[in-house]
Amino acid sequence: QVQLVESGGGLVQAGGSLRLSCAASGRTLSTTSMGWFRQAPGKEREFVSAVSWNGGNTYYADSVKGRFTIYRDGAKNTMYLQMRSLKPEDTAVYYCAARETLDSYFSYALLGAPRSYGRWGQGTQVTVSS
């Protein structure tokens with residue numbers, strides 16, 4: 001089974017940037033669609049971004065579109081989330097997640113739903129100060 005470990009979180013001022021990493025072990029990510037979710041205190045976990053296993057499809061929540069970029073490095077078996085122009089409302093624990101099936105199709109509805117993912121990392125805290 002794949003194990004996921006996030007890193008790269010921290011404290012940053014509004015307008016700053018961070019890059020989150022999600023390193024996988026136990027299975028190649030080359031056939032795994034993956035996503036980033038976040039959860040702020042008192043709120044439900046929400047979708048941030050996702051990438052299909054073939055890298056050809058990416059999806060973003062409206063709140064981060066144009067500011068965040070998701071990508072993957074097959075050689076390092078790692079997925080990334082480059083975050084720019086951060087806002088205080090981006091403050092949350094960020095989780096990476098992996099699908100457990102080889103998708104034959106991709107959609108926002110599929111990859112944007114937490115229930116679509118079977119493996120989760122432990123999360124990394126991102127705090128954006130105003």
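Since the model is a prediction, treat every value here as computed from it, not as a measurement.
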Any donor-acceptor pair under 3.5 Å from Ser21 side chain to Ser7 backbone: no
Test item: Tyr60 and Val48 side chains (from C-beta on) under 4.5 Å apart, heavy atoms: no
Thr78-Arg72 side chain donor-acceptor pair, cut-off 3.5 Å: no
Validation row: Arg119, Gln3 side chains within 4.5 angstrom (heavy atoms): yes
Nearest-0.5 Å distance, OG of residue Ser33 to CG of residue Leu110: 7.0 Å
Where Ser130 and Pro88 come nearest, the two heavy atoms and their spacing: CB-CG, 3.8 Å
Evaluation steps, side-chain contact (heavy atoms from CB on, under 4.5 Å), between Lys76 and Leu29: CA-CA 10 Å; Lys76 296 183 178 180; Leu29 295 182; over 6 Å; no
Verify same cluster id: Leu11, Val128 (apolar side-chain graph, 4.5 Å): no
Short side-chain to backbone donor-acceptor contact, Thr91 and Thr127, under 3.5 Å: no
Results of salt bridge (charged side-chain N to carboxylate O under 4.0 Å, His left out) for Arg99 - residues two or more places apart only: Asp103
side-chain contact (heavy atoms from CB on, under 4.5 Å) between Val2 and Thr32, intermediate numbers included: CA-CA 10 Å; Val2 64; Thr32 304; over 6 Å; no
Heavy-atom closest pair, residues Cys96 and Met79: CB-CE, 3.7 Å
Student check: side-chain heavy atoms of Glu46 and Gln39 closer than 4.5 Å: no
Side chain proximity check, Leu111 to Met34, heavy atoms < 4.5 angstrom: no
Nearest-0.5 Å distance that lies between atom CD in Gln13 and atom OG in Ser129: 5.0 Å
Closest contact, heavy atoms only, Ser52 versus Asn54: OG-OD1, 2.6 Å
Set of salt bridge (charged side-chain N to carboxylate O under 4.0 Å, His left out) partners for Glu89, sequence neighbours left out: none
4.5 Å side-chain heavy-atom contact, Arg84 and Thr69: yes
Donor-acceptor pair, side chain of Arg19 and main chain of Gln82, under 3.5 angstrom: no
Student check: side-chain heavy atoms of Asp90 and Phe68 closer than 4.5 Å: yes
Ring pair (Phe, Tyr, Trp, His ring centres under 6.0 Å) partners of residues 74-102, not counting sequence neighbours, each pair once: Tyr71-Tyr80
Ring pair (Phe, Tyr, Trp, His ring centres under 6.0 Å) involving Phe37 - partner list, sequence neighbours excluded: Phe47, Tyr117, Trp120
Steps toward side-chain contact (heavy atoms from CB on, under 4.5 Å) verdict (Leu20, Met83): CA-CA 8 Å; Leu20 304 184; Met83 306 186 295; 3.7 Å; yes
Closest non-hydrogen atom pair between Gly8 and Leu18, with its separation: O-CD2, 3.8 Å
Under the salt bridge (charged side-chain N to carboxylate O under 4.0 Å, His left out) test, residues paired with Arg45 that sit two or more places apart: none
Residues which pass salt bridge (charged side-chain N to carboxylate O under 4.0 Å, His left out) with Lys65, listed by chain and number, not counting sequence neighbours: Asp62
Spacing of CZ belonging to Arg27 relative to CG belonging to Asn77, to within rounding of 0.5 Å: 9.5 Å
Steps toward side-chain contact (heavy atoms from CB on, under 4.5 Å) verdict (Val93, Thr124): CA-CA 5 Å; Val93 177; Thr124 186; over 6 Å; no
